[in-house]
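Structure first, commentary second.
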Protein chains: 2
Amino acid sequence: MLIGLLQEDATRSYAMLGKAVGLSGGAAHERVRKLRERGVIRRTTIEVDQAALGHTVTSYVMVDGGSWMGDSAAELAAIPEIEEAHVIAGPASVLLKIRTPGTRELQDVLRRVFQVDGVTGTRTIVVLETFFERTLK
Amino acid sequence: MLIGLLQEDATRSYAMLGKAVGLSGGAAHERVRKLRERGVIRRTTIEVDQAALGHTVTSYVMVDGGSWMGDSAAELAAIPEIEEAHVIAGPASVLLKIRTPGTRELQDVLRRVFQVDGVTGTRTIVVLETFFERTLK
DNA sequence: CCGAACACCGTATGGTGTTCGGTATGACGG
DNA sequence: CCGTCATACCGAACACCATACGGTGTTCGG
């Protein structure tokens, strides 16, 4: 599949892609163009080693309470260290994935989360070792 | 920063990148080449809309027990629906991020996780809504 | 059987990645 | 102060690539 090949290495030329799936370069280009158009391919980007940039501490935070209607989501988005934010079913309202240079900065982020409207508590899970973080298919 | 620009859109030409940071195209190319060489840039890839590919259910699973030395990590890596696997400090040993087409397939994945050596239990958190999933910096 | 819609191919061309020789800058030791 | 060495940059050269386009084969409803 074209998507799989591009996930592995998006610098591949359309000619190579075509050869891999039995098409001409032009046809492969056309297919990829449509995948972008439909939003299946959101964008082409680089995968960065966060640890190499000094973000060595990864943690997940369960947030209790909070009025998650309106713009409290925007408040979370404004905190740059938060990589993901999900509304969840289970023992909390919201789950955050946070990456910081150290535990010191994690503490700062938690303090900011606490100031979001209605938040009553947080439970933090610190990642000790990551087996893998990958993209599917 | 070159990294930030490439994260936004890795199809930008080196000439444009150079102009953005006050360098020639050749020099920008050289800098990016070194970033790849040092492993700061792991690869260039495409960002795929998982929902468009039919993976609409995202969930996090806390795994209790397990003998996480040796190749039980490899057993997890062999399950394609698992997107991330971390060893954690907190109320479980391992945290998984799983994406499946539906809850039916999630059940199948959980059954396979249970068969990993020493696993005594799992607690599953289903994502109801994702505010954002982004890449830092 | 007709015509439209679609996916593909081959080609042309302007832009791009990649390489290379030459030059400026700064660090270091004598 | 001077030579040397390493590093980072520039500008140009060249092969390769993305992109656009006209033409062709295939499918399918009417």
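Reminder, nothing fancy here: chain letters follow the sequence lines and each chain counts from 1.
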Is the number of heavy atoms from other residues, nucleotides or ligands under 6.0 Å of D49(B) CG greater than 12?
yes
In whole Å, I'd like the distance from the CG atom of L35(A) to the C1' atom of dA7(C).
14 Å
Proximal nucleotide (of dG17(C), dC10(D), dC9(C)) relative to the A27(A) side chain
dC9(C)
By the 4.0 Å heavy-atom rule, please label R33(A) as base, sugar-phosphate, or nothing.
nothing
Atom-pair distance (OH on Y14(B); P on dT16(C)), nearest Å
13 Å
Counting side-chain heavy atoms from C-beta on, which of dG17(C), dC10(D), dC9(C) comes nearest to H29(B)?
dG17(C)
note: E30(B), atom CD; dA6(D), atom C1'; distance rounded to Å ~ 13 Å
State plainly whether the residues E81(A) and K97(A) are in salt-bridge range, i.e. N to O under 4.0 Å.
no
Give me the ring orientation class for W68(B) and F131(A): parallel if the planes are under 30° apart, tilted from 30 to 60°, perpendicular past 60°.
tilted
With the side chain defined as heavy atoms from C-beta on, K34(B) is closest, among dC17(D), dT18(C), dA8(D), to dA8(D)
Measure CG/L17(B) against C1'/dT16(C) and give the value in whole Å, please.
12 Å
Is the NZ or CZ atom of R134(B) positioned over F132(B)'s six-membered ring, under 6.0 angstrom from the centre and within 45° of the axis?
yes
Who does dG29(D) pair with, Watson-Crick or G-U, both distances under 3.5 Å?
dC2(C)
Whole-Å gap separating P (dA7(C)) and CG (L2(A))
14 Å
Of all the choices, dC10(D), dC9(C), dA7(C), which nucleotide is nearest to the side chain of R31(A) once you look at every atom?
dA7(C)
What is the distance from CG of L23(A) to C1' of dT26(D), rounded to the nearest Å?
15 Å
